[in-house]
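Working notes, beginning with the structure itself.
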Amino acid sequence: MKAAIIGGGVIGGGWAARFLLNGWDVVIHDPDPEAERKIGEVLENARRALPSLYDTALPSEGSLRFAKDLAEACSDADWVQESVPERLDIKHPILAQITELAPEHAVIGSSTSGFKPSELTAKGARVIVAHPFNPVYLLPLIELVGDADHCARAATVLETVGMYPLHVRKEIDAHIADRFLEAVWREALWLVKDGIATTEEIDEAIRMGFGLRWAQMGLFETYRVAGGEAGMKHFMAQFGPCLSWPWTKLMDVPEFTEELVDLIAGQSDAQSGHMSIRELERLRDDNLVGIMRALKHSGSGAGGVVARHEAALPRAEAPVTLDRQVPQAWTDYNGHMNETHYLEAGSKASDRFMEMVGADADYIASGLSYFTVENHVRYLDEVHAGDRLRAETRMLDGAGKKLHLFHTLYRGDGTAAATVESLLLHVDLTTRKTCLPGPAVAEALAKLAEAQADLPTPEGAGKVGR
Ligand SMILES: NC(=O)C1=CN([C@@H]2O[C@H](COP(=O)(O)OP(=O)(O)OC[C@H]3O[C@@H](n4cnc5c(N)ncnc54)[C@H](O)[C@@H]3O)[C@@H](O)[C@H]2O)C=CC1
Ligand SMILES: C[N+](C)(C)CC(=O)CC(=O)[O-]
């Protein structure tokens, strides 16, 4: 699949990374002579962040090219994404050309934050709004607005690259989410202008409180809970009247005088000027990955999108029981993967091995499982953030209640980085006592034992010390 990215700035760069890291070939057209450098830096951050959301490998990265003109960029494209500056006089001629040049089947999306599809198509272009959120390579939301069939085709594609298409049924300036962002932004500008709060105090007011809530339950579910046992009706009865009190100044926009711009920019420099934009992006990305990984456990919000996308990715197949990238969060003060995560990788490999022999989620739900009773890790070589990590598993014994596994962890370059030897016992989850495995699992283990009978014991098995 091929994506053409027209305009490779903040948002075009993010789109390019999203497609590329999901295995698409990407061609970028941007007249800025600095575009290649800027995209390279965005990609570097994206490669460090996006795979860290997943416990399985993403598809191999696609190819990246820069095209000198729109014709070269659009030819053979399956998706063309326009991300040029937010001005109709720039967008209109570009969208007209894209419509001429792109294949009939291609989705043509515009990243516009505020223009309605009827404004974009006014001169005959075939385009829908596909409005992303920064960083596009991590945040799943895409607001789709416009022709229903075109949006439906776009939605199908977006899901394959781990995104969450939200169909905005009725066109409106600034779609759905930017209406909120604008409201909050206006109110914040007033608070600074009126000397009530600094940019830093406003940011603390968001991130120490309601910002945390919104990532997992949104607005209405959060307020339902805030209504106590009586729920939403009580919440509305209690807080409805304040909507007509002078709590907000939303109807009014402060003028961007030089004085106000200097005040806000000066406070922002004092707050965050000690870090470069790329450093701030990396900090933001690491935090987002941590939050989204936490949400993945409960399947809430953006974490549910990651979990569903991960479930659709190809699984490791025997003898490979783990294939993933090492996330930043697994590294420590020594600049390499911390010891605990070698065991985590071994544990995930055991889980996959169990699935492969039929001790899967349904089997566990039926009341039978394995418990690990002993592990032995040998650390053989360093592993770094971003390294591909693969485990191959040998069963040393699968008779009776015992399951004795030997995992070898390999880096992407084929170097053995560790071995994790694990002894598991089969248990009845009701009595919490050991018991024999069910017949299907016992048979799968017996077949594997027979197939492996002539293999030599792996080097390092049963060994203490290196
Ligand atoms: N920055 C943000 O937070 C978000 C922006 N958007 C939307 O994305 C679009 C792009 O915004 P940004 O990436 O922020 O702007 P940007 O200024 O970072 O990037 C725009 C890029 O378009 C290029 N460009 C200008 N004329 C061009 C042409 N004729 N052909 C190809 N490329 C051309 C520029 O060289 C620049 O690299 C806008 O419509 C904006 O509303 C959407 C979501 C968030
Ligand atoms: C400021 N903005 C209107 C360009 C923001 C967006 O469109 C979405 C985002 O990423 O916040």
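The chain is numbered in sequence order, starting from 1. Read the numbers this way: they start at 1 and go in the same order the structure lists the ligands and their atoms.
Every heavy atom of E182 sits 4.0 Å or more from the atoms of ligand 2.
Among all non-hydrogen protein atoms, the one lying nearest atom 2 (N) of ligand 2 is S113 OG, 4.0 Å. Remark: minimum distance from atom 24 (N) of ligand 1 to any protein heavy atom is reached at P85 CD, 3.9 Å.
With a 4.0 Å cut-off on non-hydrogen atoms, H131 touches ligand 1 through its side chain and not its backbone. At a heavy-atom distance under 4.0 Å, no atom of E86 approaches ligand 2. Contacts between L181 and ligand 2, counted as non-hydrogen atom pairs separated by less than 4.0 Å, involve the side chain only. Residue contacts with ligand 2, taken as heavy atom pairs separated by less than 4.0 Å, involve D178 solely via side-chain atoms from C-beta onward. Only side-chain heavy atoms of I94 come within less than 4.0 Å of ligand 1; its backbone N, CA, C and O stay farther off.
Of the charged side-chain nitrogens involved, at least one lies within less than 4.0 Å of a carboxylate oxygen, so that D55 and R293 count as a salt-bridged pair. Between E355 and R352 there is a salt bridge, with a side-chain nitrogen of the basic residue lying less than 4.0 Å from a carboxylate oxygen of the acidic one.
With a 6.0 Å radius and a threshold of 12 heavy atoms from other residues, nucleotides or ligands, R37 has its CZ atom above the threshold. More than 12 heavy-atom neighbours from other residues, nucleotides or ligands sit within 6.0 angstrom of CE on M275.
Side-chain contact check for R48 versus D286: some heavy-atom pair is nearer than 4.5 Å.
Within ligand 1, the atoms closer than 4.0 Å to a non-hydrogen atom of P132 are 43 (C), numbered from 1 in the order shown.
Cation-pi geometry between R324 and W330 is met: the NZ or CZ atom falls under 6.0 Å from the ring centre, inside 45° of the normal.
Under the 4.0 angstrom criterion, atom 4 (C) of ligand 2 counts as having a protein heavy-atom contact.
Taking only non-hydrogen atoms, the option from I6, D32, D30 nearest to atom 36 (C) of ligand 1 is D30.
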